[in-house]
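A quick write-up on the structure given underneath.
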Amino acid sequence: MNRDLGDRLDDVIRACGVIARYVEDDSLPEDLVYDAVRMRLVEIGEAVRMLPSAVTSSEPGIPWSRVSLLGERLTRRYFDTTPAVVFGTARVDVPALREAVRRLRAQVR
């Protein structure tokens with residue numbers, strides 16, 4: 001299935017929203033949230049990896065190359081990714097990413 005730019009941006013926005021819901025829900029077991037957030041971060045990394053730099057360059061406050069490498073790191077070096085890093089990313093970095101991608105998405109119609 002071929003995904004266009006709008007689809008990929010929507011994928012990132014959607015994954016960021018799901019991550020926000022997971023980390024805000026205190027009724028969910030922490031280990032389950034950790035696993036679910038990691039998977040969504042992998043999805044985000046893959047989607048961002050496919051975004052053209054001509055698009056991402058308009059949001060220089062986001063470290064796009066680090067975001068795109070995140071998915072690879074989480075899948076290949078999962079053993080050295082701590083819950084503190086995953087939850088910190090989910091609570092601090094993901095909201096900023098979501099807002100940046102929303103701005104990008106508003107430019108793509």
Side-chain angles (χ1 to χ4, degrees):
M1 176 181 202
N2 195 5
R3 314 274 299 151
D4 70 13
L5 176 60
D7 291 334
R8 292 187 192 285
L9 293 169
D10 289 341
D11 291 343
V12 174
I13 293 166
R14 192 174 310 105
C16 288
V18 171
I19 288 171
R21 286 195 311 271
Y22 290 159
V23 298
E24 292 169 2
D25 189 342
D26 293 331
S27 70
L28 297 173
E30 186 173 302
D31 60 336
L32 181 66
V33 173
Y34 172 70
D35 288 344
V37 168
R38 281 182 31 211
M39 188 62 222
R40 293 298 179 152
L41 291 173
V42 168
E43 290 175 16
I44 289 169
E46 278 300 300
V48 166
R49 185 174 64 82
M50 302 304 291
L51 297 177
S53 61
V55 172
T56 58
S57 65
S58 67
E59 289 289 341
I62 301 296
W64 296 105
S65 61
R66 288 182 58 205
V67 174
S68 68
L69 292 174
L70 182 61
E72 186 175 331
R73 179 183 173 95
L74 288 171
T75 55
R76 290 186 170 66
R77 298 186 52 95
Y78 63 90
F79 51 86
D80 69 352
T81 305
T82 66
V85 169
V86 170
F87 287 120
T89 299
R91 289 186 176 106
V92 176
D93 301 321
V94 167
L97 175 65
R98 185 181 191 188
E99 290 310 308
V101 175
R102 280 183 171 161
R103 288 188 295 271
L104 294 175
R105 185 63 176 104
Q107 297 170 14
V108 176
R109 292 292 164 191

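We're numbering straight along the sequence, starting at 1.
By the 4.5 Å heavy-atom criterion applied to side chains, E43 and D11 are not counted as neighbours. In this structure, the side chains of V86 and T81 come closer than 4.5 Å at one or more pairs of heavy atoms. D7 places a side-chain heavy atom less than 4.5 Å from the side chain of D4. Contact annotation: the side chain of M50 never approaches that of R3 to less than 4.5 Å [non-hydrogen atoms, C-beta and beyond]. You'll find the side chain of L41 reaches within 4.5 Å of the side chain of V94, heavy atoms only. Counting only heavy atoms from C-beta outward, the side chains of I44 and L70 never approach each other to under 4.5 Å. Taking the side chain as every heavy atom from C-beta outward, R40 and V37 never approach each other to under 4.5 Å.
In plain terms, the two heavy atoms of L9 and V108 that are nearest each other are CD1-CG2, 4.0 Å. Here the closest non-hydrogen pair linking S57 and P60 is O-CD, 3.6 Å. Among all heavy-atom pairs drawn from A100 and I62, the shortest one is CB-CG1, 3.6 Å. Here the closest non-hydrogen pair linking P63 and G61 is CD-O, 3.7 Å. Between A36 and Y22, the closest heavy-atom pair is CB-CE1, 3.4 Å. A90 and P95 get closest at one heavy-atom pair: O-CD, 3.5 Å.
Cluster membership for V67 and L69, using ILVMFWY side-chain heavy atoms within less than 4.5 angstrom, is not shared. Hydrophobic cluster membership differs between V85 and I19, with clusters built from Ile, Leu, Val, Met, Phe, Trp and Tyr side chains linked at under 4.5 angstrom.
The distance from the CG atom of L104 to the CD atom of E99 is 11.5 Å, given to the nearest 0.5 Å. Separation of atoms CZ (R105) and CG (D10) is listed at 4.0 Å; rounding is to 0.5 Å. For the atom pair CZ of R14 and CZ of R98, the computed distance is 11.0 Å after rounding to the nearest 0.5 Å. Separating the CH2 atom in W64 from the CD atom in E59 is a distance of 6.5 Å, to the nearest 0.5 Å. To the nearest 0.5 Å, atom CZ of residue R73 and atom CZ of residue R38 are 11.5 Å apart.
Other residues, nucleotides and ligands contribute only 12 or fewer heavy atoms inside 6.0 Å of the CZ atom of R66.
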